[in-house]
Amino acid sequence: MTATDERSHLIAPVGGVGGPTLPQERRLVTEVPGPRSRALAARRASAVASGVGSVLPVYVETAGGGVIVDVDGNSLIDLSSGIAVVSVGNAAPAVVDGVQRQAAAFTHTCFMVAPYEGYVQVCEALAEVTPGDHAKKSALFNSGAEAVENAVKIARSATGRDAVVAFDHAYHGRTNLTMAMTAKTMPYKQGFGPFAGEVYRAPMSYPFRERSPITGAEAAARAIDVIDKQVGGGNVACVVIEPVQGEGGFVVPAEGFLPTLAEWCRSRGVVLVADEIQTGFCRTGAWFACEHEGVVPDLVTMAKGLAGGLPLAAVTGRAELMDAPHAGGLGGTYGGNPVACAAALGSIETMQKLDLAESARRIEQQMVPRLRELAGRYPAIGDVRGRGAMIAVELVRPGTTEPDAALTGAVSAACHAAGVVTLTCGTYGNVLRFLPPLVIPEHLLDDALDVLEEAFATCAR
Ligand code: PLZ
């Protein structure tokens with residue numbers, strides 16, 4: 001088999017209506033939302049609980065590669081990847097192929113009842129791709145929040161300690177423990193308490209919002225001081241941190257912050273958990289964002305990009321920590337579902353063979369200069385930041401760091417109306433973030449950036 005043959009099933013269609021054979025173009029044939037989407041919105045209003053929101057006003061018919069086609073036939077450019085999930089592209093051929101074969105063979109037995117090879121294969125692959133060359137083991141779950149919950153269980157079991165440290169602006173999920181770890185009240189926590197105990201919050205390194213310039217090591221010392229004084233290093237089971245914060249605003253900590261924190265954890269016997277749920281699987285231009293600073297976490301939580309759109313999550317880490325809980329102490333009915341595992345194997349294979357970490361770095365090179373140029377023209381853009389294909393602009397009142405959430409919402413809505421799927425985030429709701437699929441063609445990303453530029457021309461001064 002030649003190299004091209006070997007790769008062909010990763011880029012060629014498997015059949016069906018979605019996948020990369022969908023024309024990779026922005027095409028609006030109705031107003032957005034069109035009549036069919038509006039009819040579905042009306043049905044939704046009486047059937048779906050209103051606590052569940054949606055970013056886009058359109059309903060999806062099919063999707064493939066870097067486009068989403070709605071029920072009115074509009075083709076939108078996807079700069080969200082379903083919140084960093086379909087990094088290999090929507091309906092990626094190797095994912096679809098794996099899912100179809102596995103679903104036809106068996107859909108579920110429960111790994112705790114009757115195990116199967118796919119689960120083992122995923123754990124073997126995770127030991128290979130995650131940072132560090134120590135002996136590793138893994139356990140599989142369904143959602144990111146569930147992975148974080150289990151990382152805490154493992155860390156507590158291994159250390160015999162209770163305290164969990166999370167950071168300002170952190171996001172770790174919506175379950176009771178992970179809500180306590182998540183920083184932002186609205187919309188995640190308001191009215192949903194009381195929250196789990198023994199969760200403490202430390203100050204983050206957020207270069208754009210420091211009152212005066214401070215190095216990463218100094219920001220880490222500030223956090224460590226809070227932990228030492230308010231919790232006591234010897235009481236801490238784990239420090240949980242997103243190496244680049246996601247929902248909190250695509251905050252890239254100052255260089256030196258993560259390594260200093262990692263060193264402190266090691267010296268105090270604290271388990272360092274990297275929450276790579278949003279940053280993992282090539283998103284930031286490396287397989288895991290910790291690698292940019294050579295940090296090797298004790299445990300890594302993963303989900304999203306792992307399985308190309310199927311719900312699968314994992315905790316991977318040092319074998320001795322992973323083996324700390326008693327037999328039967330970890331699990332769940334659906335954890336490591338065989339169809340999701342087949343999807344993960346297809347997704348990981350695609351990332352390896354197409355070198356999607358390199359693609360993420362190319363996306364950064366295509367996006368950042370254009371965003372910087374835009375920032376030169378629109379002083380409302382206070383900061384351009386991110387790594388790889390995890391890039392954001394933070395919007396402020398010109399000349400200040402005062403957040404401008406209204407402008408952020410307006411620019412994002414203008415992008416949606418023009419056929420580009422953008423997301424916002426941030427503690428102050430003033431960060432416009434971009435998470436394109438790593439397979440997005442250059443021309444499509446260029447077109448999306450043109451739309452963004454027009455949106456600024458319309459909405460900003
Ligand atoms: N940890 C770092 O980014 C999920 C949340 C969207 P689940 N982020 C998207 C929303 O509003 O619910 C996330 C994350 C990090 C944990 C999670 C939680 O992952 O799969 O959504 O549970």
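In listed order, ligands and their atoms are each counted from 1.
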What I want to find out is whether Glu394 reaches Arg209 closely enough, with some N-O distance under 4.0 Å, to be called a salt bridge. yes
Is it true that, when you exclude Glu255 itself, more than 12 heavy atoms of the residues, nucleotides or ligands shown sit nearer than 6.0 Å to its CD?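 Open: at most 12 neighbouring heavy atoms sit under 6.0 Å from CD of Glu255.
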Non-hydrogen side-chain atoms of Arg387 and Val252 separated by less than 4.5 Å: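 Yes, side chains in contact.
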Please name all residues satisfying ring pair (Phe, Tyr, Trp, His ring centres under 6.0 Å) with Phe141, sequence neighbours left out, ordered by chain then number. none
Determine whether Arg156 and Asp162 satisfy the following criterion, salt bridge (Lys or Arg N to Asp or Glu O under 4.0 Å), listing intermediate values before the conclusion. CA-CA 6 Å; Arg156 283 178 170 162; Asp162 292 335; 5.0 Å; no
Pi-cation contact, Phe195 with Lys189 (under 6.0 Å, within 45°):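 Checked: cation-pi criterion met.
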Show me, by chain and number, every protein residue that has a heavy-atom distance under 4.0 Å to ligand 1. Ile83, Ser143, Gly144, Ala145, Tyr171, His172, Gly173, Arg174, Tyr188, Glu242, Glu247, Asp275, Ile277, Gln278, Lys304
